[in-house]
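Keep in mind the model is a prediction, meaning the values are calculated, not measured.
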Amino acid sequence: MIRKCLFPAAGYGTRFLPATKAMPKEMLPIVNKPLIEYAVEEARDAGLRHMALVTGRGKRALEDHFDISYELEHQIRGTEKEKFLAGTRELIDTCTFSYTRQVEMKGLGHAILSGQPLIGDEPFAVVLADDLCLNLEGDGVLTQMIQLYKKYRCSIVAIQEVPRDQTHKYGVIAGEQMADDLYRVSHMVEKPSPQDAPSNLAIIGRYILTPDIFDLIADTQPGKGGEIQITDALMKQAQNGGVLAYKFKGLRFDCGDAEGYLQASNFCYENVYLNGR
Ligand code: G1P
């Protein structure tokens, strides 16, 4: 079964400069909680207990966040502020966190390959924390995907329909429709222009990957933008019928850009934060 979740978190976050100059973009708060914590919660809610973070230079705050802060906790013990750390503390107590560094920024495929020593030879999930996914009506996106994995035992990417003029921001798939919300992928392209896009079904930052992906990534040449793309490695799995694309239930906010970030903040303030206080 799937036990581990990989969080590629080495990127510079240039779209959020200057905020991300000295702070990891994954620590940007949506209201009062950093993006990485929403991501780890989604994985924990899906039953995963091993959190594997691929970090880079300047990302120490991520490790400190998922560690006990004795002074702070001592300071607020017994006060009404204690409850604000309860959620984070529960993650620390119920999950293990391991870290490795991606020493060169050579793309998402390369970041995932850098995580191989933390994952080993087992299927695993990948969550890109700047894609914030919420499903207030039911199961989180990763939970939905793991249920599918139990049935099909192959790699799965989460997809959503995007306007045609947005395909250049995503990996885009084409495939045979197996159900309303499920496709068997026959083709995938990284960030195609609208005229080259095989559909408007865009991959978002949730993946279930079988471990043969590591050898496939190692064999993948730099693609779009000169980077080693997970989309290109997955295309090789897809050629053997080994990749499904799942139209998830729920909302997704692209927190890598200012507009999505603000939408996520407003949504969480009204629907999550105010309810939890
Ligand atoms: C990455 C992937 C892309 C995917 C996207 C989802 O791109 O390369 O295929 O659609 O994440 O957020 P990035 O946004 O890191 O450029």
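Under a cut-off of 6.0 angstrom, the local environment of CD in Gln195 is crowded, with over 12 non-hydrogen atoms contributed by other residues, nucleotides or ligands. Applying the 6.0 Å contact sphere to CD of Gln177 captures more than 12 heavy atoms from other residues, nucleotides or ligands.
At least one donor-acceptor pair closer than 3.5 Å links the side chain of Thr20 to the backbone N or O of Gly13. At least one donor-acceptor pair closer than 3.5 Å links the side chain of Asn271 to the backbone N or O of Phe267. Side-chain atoms of Tyr38 come within 3.5 Å of backbone atoms of Ile30 as a donor-acceptor pair (strictly under, hydrogens ignored).
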Throw together a table of side-chain donor-acceptor distances under 3.5 angstrom for residues 111-126, partners on residues two or more places apart or in other chains.
from: Ser114; atom 1: OG; to: His110; atom 2: O; distance (Å): 2.8
from: Glu122; atom 1: OE1; to: Arg3; atom 2: NE; distance (Å): 3.0
from: Glu122; atom 1: OE2; to: Arg3; atom 2: NH2; distance (Å): 2.8

Can you give the donor-acceptor pairs under 3.5 Å from side chains of residues 243-254 to other protein atoms, not counting sequence neighbours?
from: Tyr246; atom 1: OH; to: Gln144; atom 2: OE1; distance (Å): 2.6
from: Lys247; atom 1: NZ; to: Glu161; atom 2: OE2; distance (Å): 2.8
from: Arg252; atom 1: NE; to: Asp131; atom 2: OD1; distance (Å): 3.0
from: Arg252; atom 1: NH1; to: Gln160; atom 2: OE1; distance (Å): 3.1
from: Arg252; atom 1: NH1; to: Tyr170; atom 2: OH; distance (Å): 2.9
from: Arg252; atom 1: NH2; to: Asp131; atom 2: OD1; distance (Å): 2.7
from: Asp254; atom 1: OD1; to: Gly256; atom 2: N; distance (Å): 3.0

Contacts table for residues 90-98: side-chain donor-acceptor under 3.5 angstrom, sequence neighbours left out:
from: Thr94; atom 1: OG1; to: Glu90; atom 2: O; distance (Å): 2.7
from: Thr96; atom 1: OG1; to: His50; atom 2: ND1; distance (Å): 3.1

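Looking at Leu128 and Pro8, their side chains come closer than 4.5 Å, going by heavy atoms from C-beta outward. Here the side chains of Thr167 and Ser199 are not in contact, with every heavy-atom distance at 4.5 Å or above.
Inspection of the Glu176 and Ser186 side chains reveals no N or O donor paired with an N or O acceptor under 3.5 Å. Side chains of Gln166 and Lys169: a donor on one and an acceptor on the other come within 3.5 Å. Defined by atom type and a distance below 3.5 Å, a donor-acceptor pair is present between the side-chain atoms of Lys236 and Thr220.
Sorted by first and then second residue, the pairs that involve residues 46-64 and meet salt bridge (Lys or Arg N to Asp or Glu O under 4.0 Å), not counting sequence neighbours, are Glu26-Lys59. Every pair passing salt bridge (Lys or Arg N to Asp or Glu O under 4.0 Å) that includes a residue from residues 96-105 is listed here, sequence neighbours excluded: Glu104-Lys106. Under the salt bridge (Lys or Arg N to Asp or Glu O under 4.0 Å) criterion, the residue pairs touching residues 30-43 are Lys33-Glu41, Glu42-Arg206, with sequence neighbours excluded.
Tyr207 and Tyr152 are members of different hydrophobic clusters when ILVMFWY side chains are connected at heavy-atom separations under 4.5 Å. Cluster membership check: Ile230 shares its hydrophobic cluster with Ile173, using side-chain heavy-atom separations under 4.5 Å among Ile, Leu, Val, Met, Phe, Trp and Tyr.
For the residue pair Gln237 and Thr210, the shortest heavy atom distance occurs at NE2-OG1, 2.9 Å. Here the shortest heavy-atom pairing between Val172 and Pro198 reads CG1-CD, 3.8 Å. Between Thr143 and Ala46 the shortest heavy-atom distance is OG1-CA, 3.3 Å.
Here the rule is side-chain contact (heavy atoms from CB on, under 4.5 Å) with Leu201, and of Ile159, Val157, Val185 only Ile159 fits it.
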